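Step one of this worksheet: look at the structure below.
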Amino acid sequence: MSDTAQDYACEIKDAFISSRSDGIDAVKKAMHTLPPERHSALESSFAGLPEAFDEGRILEIAKVDDLVAEYMIVLNEVETENIYLRIVFEKHKGKEAAIHLHYGSDLKDVLAQWPLFSIPKPVNC
């Protein structure tokens with residue numbers, strides 16, 4: 001798999017459907033510019049999520065060629081509520097990397113963090 005922002009987003013969605021630990025590993029891979037000492041904080045931030053999700057969908061919500069991209073990943077587990085992840089990627093040393101992630105179960109809160117810069121479009125992995 002190539003390492004485009006969309007590829008990373010698809011990998012994150014698929015990994016969280018498989019298991020929370022796979023999802024965390026996929027997020028760490030996408031955030032490859034994150035210093036290793038911050039990995040444990042990232043891992044603990046996901047501790048309250050379900051062990052796995054039943055399904056997921058992705059929307060591209062910003063794109064400026066390969067310089068900046070943002071995706072919203074919606075994960076669903078039938079026994080709980082949806083989880084919404086917004087992930088911003090930018091070109092870093094010639095390679096796309098996730099630089100910011102915000103998630104939560106309240107869509108209104110997740111959308112309120114910063115504006116959408118383009119009309120959302122579905123992503124097929």
Side-chain angles (χ1 to χ4, degrees):
M1 174 180 280
S2 64
D3 294 328
T4 67
Q6 182 174 319
D7 291 335
Y8 281 129
C10 290
E11 187 175 341
I12 290 167
K13 174 193 64 92
D14 292 342
F16 272 111
I17 290 170
S18 175
S19 74
R20 181 177 59 218
S21 63
D22 287 352
I24 292 168
D25 289 344
V27 169
K28 288 192 297 190
K29 179 181 174 190
M31 298 185 91
H32 54 85
T33 60
L34 186 70
E37 60 272 12
R38 302 241 349 251
H39 285 187
S40 62
L42 179 67
E43 290 175 17
S44 64
S45 74
F46 288 108
L49 294 182
E51 287 298 320
F53 289 89
D54 297 302
E55 61 181 323
R57 303 287 185 275
I58 303 175
L59 292 172
E60 179 185 275
I61 55 179
K63 184 83 169 163
V64 181
D65 295 324
D66 65 346
L67 299 177
V68 175
E70 182 180 5
Y71 295 89
M72 177 174 280
I73 302 171
V74 181
L75 298 167
N76 178 267
E77 197 275 328
V78 297
E79 299 297 321
T80 63
E81 55 204 350
N82 286 342
I83 297 296
Y84 306 93
L85 292 94
R86 287 183 76 173
I87 306 174
V88 178
F89 294 85
E90 70 178 25
K91 194 173 206 174
H92 181 78
K93 296 182 180 179
K95 187 176 175 183
E96 293 178 77
I99 58 154
H100 186 77
L101 179 140
H102 179 78
Y103 77 93
S105 59
D106 183 340
L107 179 60
K108 184 177 176 183
D109 175 60
V110 172
L111 290 174
Q113 296 304 306
W114 58 88
L116 297 181
F117 294 106
S118 63
I119 296 171
K121 69 178 195 177
V123 171
N124 294 313
C125 297

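Owing to the predicted nature of the structure, the values given are computational and were not obtained by experimental measurement. Residue indices begin at 1 and follow the sequence shown.
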Side chain to side chain contact (heavy atoms under 4.5 Å, CB included) between M72 and V74, intermediate numbers included: CA-CA 6 Å; M72 177 174 280; V74 181; 4.2 Å; yes
For [X] and [Y], which heavy atoms make the closest approach, and how far apart are they?
X	Y	answer
L42	S45	O-OG, 2.6 Å
E77	A52	CG-O, 3.3 Å
Y103	I83	CD1-CG2, 4.0 Å
A69	K63	CB-CD, 3.9 Å
A15	A26	CB-CB, 3.7 Å
F117	A62	CB-CB, 4.2 Å

Compile the donor-acceptor pairs under 3.5 Å between side chains in residues 118-125 and protein atoms, sequence neighbours left out, one pair per line.
| residue | atom | partner | partner atom | Å |
| --- | --- | --- | --- | --- |
| S118 | OG | I61 | O | 3.0 |

How long is the gap from [atom1] on [X] to [atom2] on [Y], to the nearest 0.5 Å?
X	Y	atom1	atom2	value
R86	L116	CZ	CG	5.0 Å
L75	I58	CG	CD1	8.5 Å
I12	D7	CD1	CG	11.0 Å
L85	F16	CG	CZ	6.0 Å
L67	E96	CG	CD	8.5 Å
T33	K93	OG1	NZ	9.0 Å

Under the ring pair (Phe, Tyr, Trp, His ring centres under 6.0 Å) test, residues paired with H32 that sit two or more places apart: none
Check against side chain to side chain contact (heavy atoms under 4.5 Å, CB included), L101 and F46: CA-CA 12 Å; L101 179 140; F46 288 108; 4.0 Å; yes
Heavy-atom donor-acceptor pair, D54 side chain to V78 backbone, under 3.5 Å: yes
Donor-acceptor under 3.5 Å (R20 side chain, A47 main chain): yes
Sub-4.5 Å side-chain heavy-atom contact between H102 and D109: yes
Flag side-chain contact, heavy atom, 4.5 Å: D25 against K29: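 Of all side-chain heavy-atom pairs linking K29 with D25, none is under 4.5 Å.
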Are [Y] and [X] co-members of a hydrophobic cluster defined by side-chain heavy atoms under 4.5 Å apart?
X	Y	result
I24	Y8	yes
F53	L107	no
L49	I87	yes

K28 vs L34, side chain to side chain contact (heavy atoms under 4.5 Å, CB included): CA-CA, chis, key distance, verdict: CA-CA 8 Å; K28 288 192 297 190; L34 186 70; 5.7 Å; no
ring-ring contact (aromatic ring centres under 6.0 Å, His included) partner of H100, the single match among W114, Y71, F89: W114
